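Take a look at the structure below.
Here the structure is a predicted model, which is why all the values come from computation and not from measurement.
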Amino acid sequence: PEGERGQEISHWRSRLFRVEYLPELRPIAGARELCEWFHSRGARLAIATSADSREMEPLLERVGIAGLVEKRTSKDQVDESKPAPDVVHA
């Protein structure tokens, strides 16, 4: 979001997510094990997310894969986020 009001809303939404929702999130059953399986076979794992960088790391930690993911791209690193493909192309 552009402008001062847009930044206020963005910060409020980010804080709300981290404080209210992140602690309650649970990974999909088997997500960590699947990532570990790929990693153990030499796959290089990457994450492309429309979350911002302050949200991405805690999300990866919740799933238990932060140490397995080699490349990370968040919405902070691209010009446009969802539904634009920029985050995947980065």
Side-chain angles (χ1 to χ4, degrees):
E2 292 185 24
E4 187 175 322
R5 182 67 176 145
Q7 289 178 358
E8 287 175 15
I9 292 169
S10 182
H11 288 298
W12 175 83
R13 188 214 57 82
S14 184
R15 183 182 180 289
L16 179 67
F17 174 77
R18 288 191 319 272
V19 172
E20 298 291 329
Y21 294 101
L22 183 62
E24 302 300 321
L25 289 179
R26 301 290 176 260
I28 295 171
R32 182 179 47 79
E33 293 81 4
L34 179 63
C35 290
E36 288 172 340
W37 184 86
F38 278 113
H39 188 262
S40 72
R41 284 156 179 78
R44 297 170 63 197
L45 302 180
I47 294 290
T49 179
S50 61
D52 68 29
S53 57
R54 292 174 301 183
E55 297 166 351
M56 178 174 42
E57 199 62 32
L59 285 168
L60 295 176
E61 289 172 8
R62 286 295 276 171
V63 179
I65 63 169
L68 303 176
V69 178
E70 185 177 319
K71 300 284 183 180
R72 297 170 165 96
T73 304
S74 66
K75 74 177 186 178
D76 310 357
Q77 299 167 291
V78 295
D79 292 330
E80 292 186 56
S81 188
K82 266 197 225 177
D86 296 21
V87 73
V88 176
H89 291 224

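W37 and L60 end up in the same hydrophobic cluster when Ile, Leu, Val, Met, Phe, Trp and Tyr side chains are linked at under 4.5 Å. When the side chains of ILVMFWY residues are joined at heavy-atom separations under 4.5 Å, either directly or via intervening members, L25 and V63 end up in two distinct hydrophobic clusters. Taken together through direct or relayed side-chain contacts under 4.5 Å among Ile, Leu, Val, Met, Phe, Trp and Tyr, L59 and I65 form parts of separate hydrophobic clusters. Residues L16 and M56 are members of separate hydrophobic clusters, defined by side-chain heavy-atom contacts under 4.5 angstrom among Ile, Leu, Val, Met, Phe, Trp and Tyr. Linking ILVMFWY residues whenever their side-chain heavy atoms come closer than 4.5 Å, directly or via other members, leaves L34 and I28 in distinct clusters.
Rounded to the nearest 0.5 Å, atoms CG (L45) and SG (C35) are 5.5 Å apart. Atom-to-atom distance recorded for E36:CD and H39:NE2 is 9.5 Å, nearest 0.5 angstrom.
Atom CZ of R44 is surrounded by 12 or fewer heavy atoms from other residues, nucleotides or ligands within 6.0 Å.
Residues R13 and E55 are paired through a salt bridge, judged by an N-O separation under 4.0 Å between the basic side chain and the carboxylate.
Side-chain N or O atoms of R62 include one that pairs as donor or acceptor with a backbone N or O of P23 at under 3.5 Å. Of the possible polar contacts, one joining the Q77 side chain to the S74 backbone as a donor-acceptor pair under 3.5 Å is found. At distances below 3.5 Å, at least one donor-acceptor pair connects side-chain atoms of R72 with backbone N or O atoms of A66.
Counting heavy atoms from C-beta outward, R54 and S14 have side chains that approach closer than 4.5 Å.
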